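The structure displayed is predicted, hence computed values, not measured ones. In the text below, chain A, chain B and the rest are named by the order of the sequence lines, each starting its count at 1.
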Amino acid sequence: MYVYDEFDREFLAERVAEFRDQVARRLEGTLTEDEFKPLRLMNGVYLQLHAYMLRVAIPYGTLNSDQLRRLAHVARTYDRGYGHFTTRQNIQFNWIRLEDLPDAMAALAEVGVHGIQTSGNCIRNVTTDQWAGATPEEFDDPRIWAEILRQYSTLHPEFTYLPRKFKIAITAAPKDRAATKVHDVGLRLHRNEAGELGFEVLVGGGLGRTPFVGKLVRPFLPVQHLLSYIEAIMRVYNQYGRRDNIYKARIKILVHEIGAEEFSRAVEAEWESIRDGALHLTPEMIAEIRARFLYPAFEAAQDQPAELVEALGDERFATWYANAVHRHKVSGYAIVTVSLKPIGAPPGDATADQMEVVAALADDYGFREIRVGHEQNLCLPNVAQKDLPALWRRLDAAGLATPNVNHISDIIACPGLDYCALANARAIPVAQEIAKRFSDLDRSRGIGRLHVNISGCINACGHHHVGHIGILGVEKNGQEFYQITLGGRADEKAQLGTLLGPAVSYEQVPGLIEDVVDTYMELRAGPHELFIDTVARLGVEPFKERVYAAH
Amino acid sequence: MASPLQQKLKVHGPVAVTANRLTDGAVVWRTRHEDWSVDLADAAVVTTADEAIALLAGAQKRDVDAVGAYVAPVELGADGEVRPGNLRERIRVAGPTFELPH
């Protein structure tokens, strides 16, 4: 866990006081909506279909139990008793009153949580692997570098009014759980042949109206140059990025239009002038940030302790264990994914009660630490294996032990037209209906890893382009229609899905998805060939022929 | 004053002016009495672009009661009941189309 210092705490308290004054002036009419809107957006406050929405950042997806409890308190006191975890390691409260927002923000600030950098044309909340610090795969804890970027980017005057929003994601493991290749900047931490730590730098990835996989601009950037190189990228973007057309203002458009080579050349030229200046990270600076991350005092323990082995005789526990428990870097410990996708529930939503259960479990079994993943699930990154049976029983009692992680009912969905002012079509009810079709967990286990991502509009908050099955809601003559893509993926082999065929109606979507899955089950080379690999081998045509013949 | 975009408004059928209440974001409708109501039944319903533009202009004169005013389609039942004219407005009136977590 990162520990906030006095500067962080004072800054947040001052920010809340400032926002309280802005809200008061808005309510009395001395600030117009045009004046107030950019101010509220800088604090993560949107106005949606039915109410204000507060988006709260969870930097690099890390929360402690007190912070999660405070999120539950805000949900219960100022909202309708639940929150929605998003694809960018944020949480959104959908029903909050403007006049209550300063008090809610004050409550959050007391535990170091806020909505800054969750909106506006700034560098947004830096995201990373929810298994950071726990997975044996990683070269370093990516949160160290995310925190360095957070401190650098928060309220940076040069980057507060960028042409558009700017999203950075970091992975330090070869398996990319942070979707780095579809971010404005994707950073992959690794070691070169000399054993030095550095970043592979990709720029210009993104989804939305014009999706791109990020382009490689530098294969190895020594870590001490992280800030100067990012600054060089931002300066090139700030100088050449378009401001005349909101749809062409993201850095991906600039990189696409001038080419990765020319973009890289411009960045390198800019970087040469600043690389050894004030932004050069000294070992002391890095050590200071690193020292603020406190790691659990793990006890010496063996894998597969007797308590776990005995519990594995229980089929329900064994099923959950096989699905939700992952290898930890320390023997005797495990990483646990907590599914926020109970069959038929809105994906990514958690009630205040459920948040408190997870907070209590983190206290009792997880060194007080919780993570949020971009797949809209939670994670307890440090659980002793001997405690897994007790943990499971309590998760199960709270409806949080559905063994469907990475299965077809583990659906990513944006809020869609049920909440969002930008959406054209609903996403959550589509996800619910698909999940119900595959509620037989034996069947979904037989299907294997399959990611369904749903967005309610072209802005792609549900990452539909990179779903193994992607579903995009569009509006035609006042009706909801859905375009289906196959073969997208968000991992280290990221690619965009291919359109299956004509859009289908809201009612047709669940049946069509079932036909796609049935086709896969018939065509796959064997039980070990994943859906995504079958699509890669055969293309979408065999699916198109079968599916559209049936509809 | 209505934006140039709104002045080019095309109206095909009954419409009303809607917005979100400043204090809590609740959906509100412009009434014939030049105030706002949370009840769609109180909405002023007009059928021409000129009437809609005038209604919208009145709604935008003062932005401390409601924000983001726009013209939305409505339907009129045989009994004169005013109903939302599309899915978006149905959701704004009735809330999300699924059971909320509890």
Worksheet item: Are more than 12 heavy atoms from other residues, nucleotides or ligands located less than 6.0 Å from atom CG of A/N477?
Response: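 Open.
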Worksheet item: Near B/E34 CD, under 6.0 Å, is it more than 12 heavy atoms from other residues, nucleotides or ligands?
Response: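 No, the 6.0 Å shell around CD holds no more than 12 heavy atoms from other groups.
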Could you tell me which portion of [X] (side chain, backbone, both or neither) has an atom closer than 4.5 angstrom to a non-hydrogen atom of chain B?
X: A/T32; answer: both
X: A/E475; answer: neither
X: A/I96; answer: backbone

Winner by heavy-atom pair count (cut-off under 4.5 Å) against chain B, out of [options]:
options: A/R97, A/Q354, A/E28; answer: A/R97
options: A/M53, A/E99, A/H50; answer: A/H50
options: A/N424, A/L98, A/L49; answer: A/L49
options: A/D349, A/V23, A/L27, A/L47; answer: A/L47

Practice prompt. Check each atom of B/R21 against the heavy atoms of chain A and say whether the ones under 4.5 Å are side chain, backbone, both or neither.
Written response: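 It is the backbone, since no side chain atom gets that close.
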Discussion item. Please classify the contact between B/N86 and chain A as side chain, backbone, both or neither, with a heavy-atom cut-off of under 4.5 Å.
Written reply: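 The answer is neither part of B/N86.
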Practice prompt. Take B/V64 and A/E33 through the side chain to side chain contact (heavy atoms under 4.5 Å, CB included) test and state the conclusion after the steps.
Written response: CA-CA 8 Å; B/V64 290; A/E33 186 61 17; over 6 Å; no
Worksheet item: Do side-chain atoms of B/R88 reach the backbone of A/A421 as a donor and acceptor pair under 3.5 angstrom?
Response: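 Yes, the answer is positive, given that a donor and an acceptor are paired below the 3.5 Å cut-off.
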Discussion item. So which atom in B/G25 and which in A/Y52 form the shortest heavy-atom distance, rounded to 0.1 Å?
Written reply: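 Heavy-atom minimum between the residues: N-CE1, 3.4 Å.
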Item to complete: For residues A/L417 and B/L87, report the shortest heavy-atom separation together with the two atoms involved.
Response: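 For A/L417 and B/L87, the tightest heavy-atom pair comes out as CD2-CD2, 3.7 Å.
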Worksheet entry | Residue, of B/N20, B/V67, B/L22, that accumulates the most heavy atom pairs under 4.5 Å with chain A |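 Top option by heavy-atom pairs under 4.5 Å: B/L22.
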Discussion item. If we define contacts as heavy-atom pairs under 4.5 Å, which of B/V27, B/V93, B/D63 has the most with chain A?
Written reply: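 Counting heavy-atom pairs under 4.5 Å, the top option is B/D63.
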